[in-house]
Amino acid sequence: MNKNLDIFRNFVMKMPRFLEKIVAAILIVGVIYSCIQLGMHVLSFSDLAFNDYVEDILLTGFNAIIVIEFIRMLIKHSMNTIVEVLIFAIARGLVVGHEKPLEELIRIACIALLLLCRKYLFHEFDFQEEE
């Protein structure tokens, strides 16, 4: 009876990792498709105004980068990758978003805070993959 419980417990502990890898694989397919679409969009020189065209390209590129970082976070399971995902997500809003100056200042402060946390609060094991 105890052996069956251990087998079940092992299965339950490994299942989330397996499901995360499936989600990561699906996201990789989406990122590849997004990168192909981005390349076609860059080469199409659409009839958008130049500013809108560049903003659209930046938005698509940042979204792909954020998803790539998210995939790394699903696979690696380290504090460093979590902070990197957050930094990219906040930076996307700075580069592409049209925020009020106070909101931009808050975003910059958040990025600075995340960088400070990474530099001074993380230990060596925070940069290693979780077993």
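As the structure is a prediction and not an experimental result, all values here were calculated from the model.
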| field | Trace of the side chain to side chain contact (heavy atoms under 4.5 Å, CB included) decision for F70 with V31 | value | CA-CA 11 Å; F70 184 73; V31 166; over 6 Å; no

| Other cluster members, Y33 - Ile/Leu/Val/Met/Phe/Trp/Tyr, side-chain contacts below 4.5 Å | none

Anything under 3.5 Å between a donor and an acceptor, one on a side chain of residues 108-116, the other on a protein residue two or more places apart or in another chain? List them.
none

| side chain to side chain contact (heavy atoms under 4.5 Å, CB included) partners for F18, two or more places apart | M15, I22

| field | Pair D6-K3, salt bridge (charged side-chain N to carboxylate O under 4.0 Å, His left out): steps then yes or no | value | CA-CA 5 Å; D6 288 340; K3 185 176 180 178; over 6 Å; no

| Shared hydrophobic cluster for L27 and I75 (ILVMFWY, side-chain gaps under 4.5 Å) | yes

| query | Do you reckon L59 sits in the same ILVMFWY cluster as L43, going by side-chain contacts under 4.5 Å, direct or chained? | reply | no

| remark: Value for NZ (K14) from CZ (R17), rounded to nearest 0.5 Å, stands at 11.5 Å

| task | Return the set of residues passing side chain to side chain contact (heavy atoms under 4.5 Å, CB included) with I36 (not counting sequence neighbours), or none when no residue passes. | result | I32, M40

| Those residues that, when tested against D52, pass side-chain hydrogen bond (donor to acceptor under 3.5 Å, both in side chains) (two or more places apart) | none

| request: With sequence neighbours excluded, tell me which residues meet side chain to side chain contact (heavy atoms under 4.5 Å, CB included) with I82. | output: M73, M79, L86

| remark: Contacts of E20 meeting side-chain hydrogen bond (donor to acceptor under 3.5 Å, both in side chains) (sequence neighbours excluded), chain-then-number -> H77

| request: May I ask whether V23 and I68 are part of the same hydrophobic cluster, defined by side-chain heavy atoms of I, L, V, M, F, W, Y residues being less than 4.5 angstrom apart, directly or through others? | output: yes

| query | Other than I66, what residues sit in its cluster of Ile, Leu, Val, Met, Phe, Trp and Tyr side chains whose heavy atoms are under 4.5 Å apart, directly or through others? | reply | I65, F88

| task | For E69, check salt bridge (charged side-chain N to carboxylate O under 4.0 Å, His left out) against everything at least two apart and list the hits. | result | R72

| Between N51 and E55, is any side-chain donor less than 3.5 angstrom from a side-chain acceptor? | no

| remark: Those residues at least two apart in sequence (or on a different chain) that pass side-chain hydrogen bond (donor to acceptor under 3.5 Å, both in side chains) with E104 are none

| task | Report whether L102 and I90 are members of the same hydrophobic cluster (ILVMFWY, side-chain heavy atoms less than 4.5 Å apart, transitive linking). | result | no

| request: Would you check if L58 and V54 make a side-chain contact, meaning some heavy-atom pair closer than 4.5 Å? | output: yes

| query | Side-chain contact, heavy-atom cut-off 4.5 Å: I57 with F62? | reply | no

| Pairs where residues 56-67 contributes a residue and the test side-chain hydrogen bond (donor to acceptor under 3.5 Å, both in side chains) is met, not counting sequence neighbours | H41-D56, N63-R92

| To the nearest 0.5 Å, what is the distance between CG (L74) and CD1 (I28)? | 9.5 Å

